[in-house]
Amino acid sequence: MLFYLRVVPGRVRVAVRLRPRSAEEMMADADFADCVELQPELKRLKLRRNNWDSDTYEFDEVLTEFASQKRVYEVVAKPVVESVLDGYNGTIMAYGQTGTGKTYTLGCLGEEDTAARGIMVRAMEDILADVSLETDSICVSYLQLYMESIQDLLDPANDNISIMEDPKTGDVSLPGANIVEIRNQQSFVELLRLGESHRFAANTKLNAESSRSHAILMVHVERSVKGKHSALSGENGNNAHITTLKPAIIRKGKLVVVDLAGSERIDKSGSEGHTLEEAKSINLSLSALGKCINALAENSVHVPVRDSKLTRLLRDSFGGTARTSLVVTIGPSPRHRGETASTITFGQRAMKVENMLKLKEEFDYKGLSRRLDVQLDKLIAEHERQQKSFEDEIKRITTEAKNSISEVERSYADALEKDRLKYQKHYMESIKKLEEQLVNNQQKNGIEKVPVGLEDGGSALTSNIEEVAELKKLLQKESLLRKAAEEEVNSLKSQVAQWKRSETSENLKILKLREMLEDEARQKEKLEAEIAILHGQLLQISFEADETGRRLDRGGFGKVSGDLDSLLSQVKHQQQESGNGEKASIAKLFEQVGLQKILSLLESEDADLQIHAVKVVANLAAEETNQEKIVEAGGLTSLLMLLRSSENETIHRVAAGAIANLAMNETNQELIMDQRGISLLSMTAANAEDPQTLRMVAGAIANLCGNDKLQMKLRGEGGIKGLLGMVRCRNPDVLAQVARGIANFAKCESRASTQGTKTGRSLLIEDGALPWIVQNANNEASPIRRHIELALCHLAQHEANAKDMISGGALWELVRISRDCSREDIRTLAHRTLTSSSAFLAEMRRLRIDY
Ligand code: ADP
Ligand code: MG
């Protein structure tokens, strides 16, 4: 059971976040490993102590350099914001060395990249989305605390603000600070920007680095909640007067976000231009905070909140119902290891977790999990960006459609107006004409009144008829014009209808885009759920594997040992000794995964899985009882194939190690030889850079050198040359294995010569090993020296080698060995060899060596 999964009410929850390497660090520290290594799936952080040792710490959350801002918000801040909306107090703090990302985590406005929005901005988004502005209110103050003085970041002239505490409720308030009501996200972002610029200006004026001050954002959320029916009885207790009321309940929550001052210790001497008093004062709030967190974590009765302004301000965030979340930020640079370590310790104290597990890694799932994590975070950030651009696109299309509609409407109105004017003009002109004609007619009629019927009435009639005809014509023209106008109106109307239709289709398009967006969101959710399941499984496997790895590791594998034999026997010994627990865990691994499955993973496409599988096989191969099973199942063949097919040096190293283990058994040695193992091992050695790889390969060949039956074949396939090729690497562990191989070979050869199955010079001499042997006969590393001394003694036992040994300077070494070797058995052997060879005796006489 993992204890940190237990949720203790009110416990300070602590996440650690690693900042990615900056460009400068990439350059300057290119050759150095990060000082920390994260295992987010296990919620662990390893702080490197030196090249081979590290301390492991557990946190509530471990956020890698790839963690997206959204993820950080969700794990660190969201639960706190939710409680604030429920009417509790909540605090989110960032603690860490200057430059590790406190402000980025909390205060980034994300104006260039939406995905970079920090906790403050996202918290307000969530709050605004949840409240209703008709009934609820959101108010904000933004302050800075420097040298125990509180200044209003929204009105910098307003400084030295005092803290008021309600003696009854313990509520803390700052009556002097500006409180601004927030009604939308934009005004809040503006406010943050303003505060930030004031913070910068104020600090420049004070000649302080902004990293020395604390920035505090306070968000007051008041919500009215419909109450339950509550019965109030009259004062006289008369139940007949029970009234049913629905009083509005106001829920008040306060969110405090604190961007703490940089945690680096400032020089006590005040070298930044501060006096000692100032230096103390600058640190006061931060150290008081540490003390309070300690006291809280230890459930101490007394929490010294009164010691500083910061802790007084945070006082009501420290109650039993408040949620407090701390994110400790660290950088990767090995140069700041000390500061990083103290930041981690602060975080650990805040978590009240004292046990620091020390683990050594053998099983390595972290790569895989890290990749998943990175992928997930990239997806989250990408999704957020896409969502933003989708929304922007929708907005753009909507505005465009609106614009074109209003343009059509405008031109329609214009055309209508023009036509109206035209027809009006026509109409007026016709009326005028008619009136003129009427007047004309009347005049004519007036003159002709008297002579009507007397004079010639015929001409008047004619002119009247003509006029009527003209009027008729005019009327016809008029009605034609009217018809044309009507047609034009109709066509304009249909145009408008068409625009309306196209607007509908735009709207449909927008709807479709929305649907696509939702689809995508659903898909993402599904993916995330799958990833979460995978994570869970991974966690389980990693945990078990870790346990197994740790047991396997205990006291042997990690140590650098010069002698492979002793190394392997040590591991075996350990495994036998540690008894049931160990056997059980290996048996469990077999049971759970199955050997065939593990072996099949050796061919996996996934490099991480492959490496992992090789490590598992290598660990299994270290135990004698497993070796037969591994070979039977084809494991040896697969391992040899890996030497050929893989280009990964880790795989080469681990596979060679496993082969070296398997090569301790004679049957396996023959199998290795049958599968051209020597050429594969020699090829691996020729391409290897890592001394550990060479050590494993040399160890494997050295084991093969000790098999009497394989001498000729081994030499024929270039085994001796391969072995000698590895001395280019001056690593003593590698040289010790080479020396052991030579000694093994010389011993077998010597046995064969004695039995008469071999004649002639040693194949070692034939292949040019003698100069190296002579050079290293007195090597200061005892494992090398010892093996070579033995090899020289074996070679010297056969007269066929004497001539070469004398000319190569080996005689001097033998004489030295026979006199000075610290091991008596070797000394005696050298002596006996020298005195039983006539060639050596003659040479010694010639050289006047007194023997
Ligand atoms: P602090 O407030 O702790 O002094 P900052 O937030 O100012 O640190 O970060 C220092 C620099 O590192 C800034 O340029 C910031 O943009 C960058 N930075 C910090 N954290 C991250 C991160 N997680 N990803 C990318 N850049 C980061
Ligand atoms: Mg900062």
Side-chain angles (χ1 to χ4, degrees), residues 15-29 34 36 38 40 45 61-77 92-122 142-146 153 192-193 195-204 208-217 257-266 272 282 285-286 289 310 326-333 335-336 339-340 342-344 346-347 370 373-374 376-378 380-382 384-385:
V16 62
R17 182 182 200 188
L18 176 64
R19 171 175 58 66
R21 279 187 175 210
S22 64
E24 188 242 333
E25 283 167 338
M26 295 254 201
M27 297 276 292
D29 303 334
D34 288 352
V36 291
L38 305 188
L45 172 150
E61 283 299 336
V62 169
L63 300 157
T64 69
E65 66 268 46
F66 306 108
S68 61
Q69 289 278 78
K70 183 163 192 242
R71 165 92 155 269
V72 174
Y73 173 75
E74 271 161 11
V75 301
V76 173
I92 302 161
M93 286 182 283
Y95 179 97
Q97 194 188 351
T98 298
T100 49
K102 295 182 295 299
T103 306
Y104 179 80
T105 301
L106 297 178
C108 187
L109 300 181
E111 287 169 307
E112 274 138 49
D113 180 5
T114 329
R117 274 141 52 238
I119 284 176
M120 290 178 180
V121 174
R122 289 176 195 259
Y142 199 15
L143 309 147
Q144 154 163 292
L145 174 61
Y146 177 65
L153 282 177
L192 286 184
R193 199 182 300 126
E196 196 49 45
S197 69
H198 285 155
R199 189 181 184 196
F200 182 77
N203 289 321
T204 313
E209 286 174 41
S210 67
S211 58
R212 296 278 168 250
S213 69
H214 313 275
I216 302 154
L217 176 78
V257 184
V258 191
D259 186 354
L260 289 168
S263 63
E264 60 276 7
R265 256 150 292 164
I266 76 160
E272 277 180 1
I282 287 170
S285 274
L286 204 56
L289 175 68
L310 179 67
L326 174 70
V327 52
V328 299
T329 57
I330 54 174
S333 167
R335 279 179 294 167
H336 298 306
E339 291 296 350
T340 303
S342 80
T343 302
I344 289 169
F346 180 90
R370 201 180 295 150
D373 252 358
V374 172
L376 179 61
D377 275 305
K378 273 193 193 144
I380 291 173
E382 186 48 35
E384 210 176 10
R385 265 181 230 121

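Counting starts at 1 for both ligands and their atoms, in listed order. All heavy atoms count here, side chains included; hydrogens, waters and symmetry mates do not.
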note = Tightest non-hydrogen contact, residues I92 and A77, listed as CD1-CB, 3.6 Å
Closest contact, heavy atoms only, L63 versus A15 = CD1-CB, 4.1 Å
By side chain to side chain donor-acceptor pair (under 3.5 Å) - contacts of T340 (at least two apart) = none
inquiry  = Applying side-chain contact (heavy atoms from CB on, under 4.5 Å), can you list everything that pairs with E196, at least two apart in sequence or on another chain?
reply    = Y142, R199
ask   = Can you name the residues that come within less than 4.0 Å of ligand 1, going by heavy atoms only?
value = R17, R19, P20, Q97, T98, G99, T100, G101, K102, T103, Y104
Distance-only donor-acceptor check, side chains T98 and E264, under 3.5 Å = yes
ask   = Looking at the Mg ion (ligand 2), is one of the N, O or S atoms of T103 less than 2.8 Å from it?
value = yes
task = Only counting residues at least two apart or in another chain, list the ones meeting ring-ring contact (aromatic ring centres under 6.0 Å, His included) with Y95.
result = F346
